[in-house]
2 protein chains.
Amino acid sequence: MPEELFKTVSSSRVSQVIVDQIRLLLKEERLKPGDRLPSERELCVHFGVSRVTVREALRILEASGLVEIRVGARGGAFVTTPDARQVGEGLATLLSLSPLTAAEVTEARLVVELGIVPLIVERATQEDLDDLRAMCDEHAEALERGEYTMELSADFHTRVAACTHNAAIKMLVESFHGPLLMSLRQAQTVEPQMGLLGSKEHRDFVEAVAARDLDAATATMNAHLQRTASRVKDEHAEGGPATG
Amino acid sequence: MPEELFKTVSSSRVSQVIVDQIRLLLKEERLKPGDRLPSERELCVHFGVSRVTVREALRILEASGLVEIRVGARGGAFVTTPDARQVGEGLATLLSLSPLTAAEVTEARLVVELGIVPLIVERATQEDLDDLRAMCDEHAEALERGEYTMELSADFHTRVAACTHNAAIKMLVESFHGPLLMSLRQAQTVEPQMGLLGSKEHRDFVEAVAARDLDAATATMNAHLQRTASRVKDEHAEGGPATG
DNA sequence: AATGGTTTAAGGTCATACCAAAATACCAGG
DNA sequence: CCTGGTATTTTGGTATGACCTTAAACCATT
């Protein structure tokens, strides 16, 4: 008897079938961001399954970042507008568990952030430059108040990436900064002179971009990132931060 | 009754708390890949919650690619070994739904794959070169048989990325190729002359790397990627591929 | 020893009930 | 009429307890 007659009755899990169906609706844009799915109880009768099963499907969709669930009247599952933060989070969890070393991630970051400098020099608008300069000013003030954190630095780099006017690249850089902030908390409180130097390098970079000076911009960014990279490498080579 | 004096806005969802706890165990490596979590019923009593809640937590962990669930005796939730494929999948689902254009993704890919050329030229071992040459030979044969696919090309680029000996970068490139193959299926069947040209460029690149000629390698890869990029752009600018 | 049924551990699903939160409806007091 | 508090309703969150399906291990028959 030819076995091809029997199609392997896959998907032994009903909840997964529901997930697939809703995914399909999303892909075909019959469900658009902001739309609200029927309530759990309605979905039950619609799919002819119990509420538990529907809820499991919703959990999966939620964990995939495809829907957001709100409670209360007029609550329910709402299709989310996909953004980089979710990708970054998912990437962060896996990064934090994968055998990747901080040095590797840092090097990858270096490749990306250096590689986009030409695009930035070419495409940065006046508004971009204004934003970046304003950021530098703010950071300088924060630095004086002793409130300069890695997070501010990360914001700067993200804003720089946005100057490429390429959402994929922006997403990529954001994804890198999320995990790095999470895993490299040891560098959270930036030593004053370090922050001062980094802040100055940020400003130099902005001005190089403003002058459309690719070589200067690349050199500045390179020095800036290399310094960060070497610090990361040092701290990890010495068996971890003193903070244990 | 004290009852958790400082219980911040902690998500109000018990299943999420369980997820966080298990995540923590993973992060602290108290749970390693291959380990089996207690059965659902055991987890119930352990956490003092119902089975529904435990199951939702497991669904989330499963959707996040952190555990794999097997049914039957000796079944249960097993910690998975994290790999790039999962990152790529998660990225792919979001990419396919995000407002990213193919052109943006392609440009990002271009930045990364060009940016790593210096690392490759510097670090490629003899084994790397042997592998790449073997790949080129195989692809040439496949081309003659008319079996040259985008997937083979993607394999080549992934192998090239592996020459950086940086797992993060390899993962990054893989993640790009996964979604691209999924979403840009229009270029699935490569026209013979296209494949021939691409294949030749691959070989040229390998030899440039073998000669440790950074400029030649960069130029070759740049031309190769630019050609692909422009093709993607064209096909999307013209309102979709003719193949439908 | 090989085959085939039986037990058993585990996840998958169902049904019902109740709780908690959020939006709305409603009503009393100014 | 407006304001503000209360009740109601909608909807997700959780708890129980039962039953089914799967898959491995165990056992009995041939």
Side-chain angles (χ1 to χ4, degrees), chain A residues 1 3 6-23 25 31 33-80, chain B residues 1 3-4 7-23 25 31 33-80:
Chain A
M1 187 188 308
E3 295 171 21
F6 310 108
K7 41 190 171 186
T8 49
V9 184
S10 69
S11 69
S12 60
R13 249 199 306 209
V14 179
S15 53
Q16 191 58 50
V17 175
I18 296 179
V19 168
D20 291 341
Q21 290 206 26
I22 296 181
R23 267 227 180 89
L25 292 181
L31 278 176
D35 286 358
R36 173 177 171 277
L37 271 61
S39 72
E40 294 183 352
R41 288 161 176 94
E42 286 177 278
L43 288 173
C44 289
V45 302
H46 179 6
F47 287 111
V49 299
S50 83
R51 218 180 128 206
V52 183
T53 305
V54 167
R55 284 177 59 76
E56 292 203 349
L58 291 179
R59 284 291 89 74
I60 294 174
L61 290 171
E62 188 188 29
S64 310
L66 266 42
V67 304
E68 170 199 3
I69 286 163
R70 295 203 279 268
V71 302
R74 290 288 201 271
F78 292 80
V79 179
T80 59
Chain B
M1 194 190 299
E3 191 190 354
E4 280 109 3
K7 186 179 172 184
T8 54
V9 189
S10 62
S11 66
S12 81
R13 237 192 325 200
V14 181
S15 53
Q16 191 58 51
V17 175
I18 296 179
V19 168
D20 291 341
Q21 289 206 25
I22 296 181
R23 267 223 179 90
L25 291 181
L31 280 176
D35 285 0
R36 174 177 171 274
L37 271 61
S39 74
E40 295 183 351
R41 281 145 178 114
E42 286 177 278
L43 288 173
C44 289
V45 302
H46 179 7
F47 287 112
V49 298
S50 83
R51 214 179 133 209
V52 183
T53 305
V54 166
R55 283 178 59 77
E56 293 203 350
L58 291 179
R59 285 291 89 75
I60 294 174
L61 290 170
E62 189 187 29
S64 309
L66 266 42
V67 305
E68 171 199 1
I69 286 162
R70 294 204 280 269
V71 303
R74 295 284 200 277
F78 293 81
V79 179
T80 58

**Q** Could you work out, with salt bridge (charged side-chain N to carboxylate O under 4.0 Å, His left out) as the rule, every residue matching B:Arg70, not counting sequence neighbours?
**A**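 So B:Arg70 forms a salt bridge (charged side-chain N to carboxylate O under 4.0 Å, His left out) with B:Glu68.
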**Q** How long is the line joining CZ of B:Arg51 and P of D:dC19, in whole Å?
**A**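 So the two atoms are 14 Å apart, to the nearest Å.
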**Q** Once you apply a heavy-atom cut-off of 4.0 Å, does B:Ile69 come out as touching a base, just sugar-phosphate, or nothing?
**A** sugar-phosphate
**Q** Could you measure the distance from the CG atom of A:Leu61 to the CG atom of A:Asp20? Nearest 0.5 Å is fine.
**A**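 Between A:Leu61 CG and A:Asp20 CG, I get 9.0 Å after rounding to 0.5 Å.
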**Q** Between A:Val67 and A:Leu58, which heavy-atom pair has the shortest distance, and what is it?
**A** CG2-O, 4.3 Å
**Q** State plainly whether the residues B:Arg59 and B:Glu62 are in salt-bridge range, i.e. N to O under 4.0 Å.
**A**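 A salt bridge is present here (some side-chain N lies under 4.0 Å from a carboxylate O).
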**Q** Between C1' on D:dT11 and CZ on B:Arg13, what's the gap in Å once rounded to a whole number?
**A** 13 Å
**Q** Enter the distance from B:Ile22:CD1 to B:Leu43:CG here, rounded to the nearest 0.5 Å.
**A** 6.0 Å
**Q** How does protein contact run along nucleotides 21-26 of chain D, one letter per nucleotide 5' to 3', with B for base contact, S for sugar-phosphate only, - for none, heavy atoms under 4.0 Å?
**A** -BBS--
**Q** Above 12 or not: heavy atoms from other molecules or residues under 6.0 Å from CZ of A:Arg36?
**A**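 Above 12, so yes.
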**Q** How long is the straight-line distance from CD1 of A:Ile69 back to CZ of B:Arg13, given to the nearest 0.5 Å?
**A** 6.0 Å
**Q** I want to confirm an ordering. Mapping B:Val49 and A:Leu58 to their closest nucleotides on DNA chain D, which one lands closer to the 5' end?
**A** A:Leu58
**Q** For DNA chain C, which nucleotides open and close the run of contacts to chain B, 5' to 3', at under 4.0 angstrom from a non-hydrogen atom?
**A** C:dA9 to C:dT13
**Q** Test of understanding: with side-chain contact (heavy atoms from CB on, under 4.5 Å), list the residues that count as partners of A:Thr53, not counting sequence neighbours.
**A**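 Here the qualifying residues are A:Val14, A:Ser15, A:Ile18, A:Val49, A:Ser50.
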**Q** Could you tell me how far apart B:Arg55 (CZ) and D:dA18 (C1') are, to the nearest whole angstrom?
**A** 14 Å
**Q** Quick one: list whatever passes salt bridge (charged side-chain N to carboxylate O under 4.0 Å, His left out) with B:Arg51, sequence neighbours left out.
**A** B:Glu40
**Q** Which of residues 39-46 of chain B have a heavy atom under 4.0 Å from DNA chain D?
**A** B:Arg41
**Q** Taking all non-hydrogen atoms of both residues into account, name the closest pair between A:Ser64 and A:Arg23 and its distance.
**A**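 That closest heavy-atom pairing would be OG-NH2, 3.7 Å.
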**Q** Residues in side chain to side chain donor-acceptor pair (under 3.5 Å) with B:Glu42, at least two apart?
**A**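 Residues passing side chain to side chain donor-acceptor pair (under 3.5 Å) with B:Glu42: B:Ser39.
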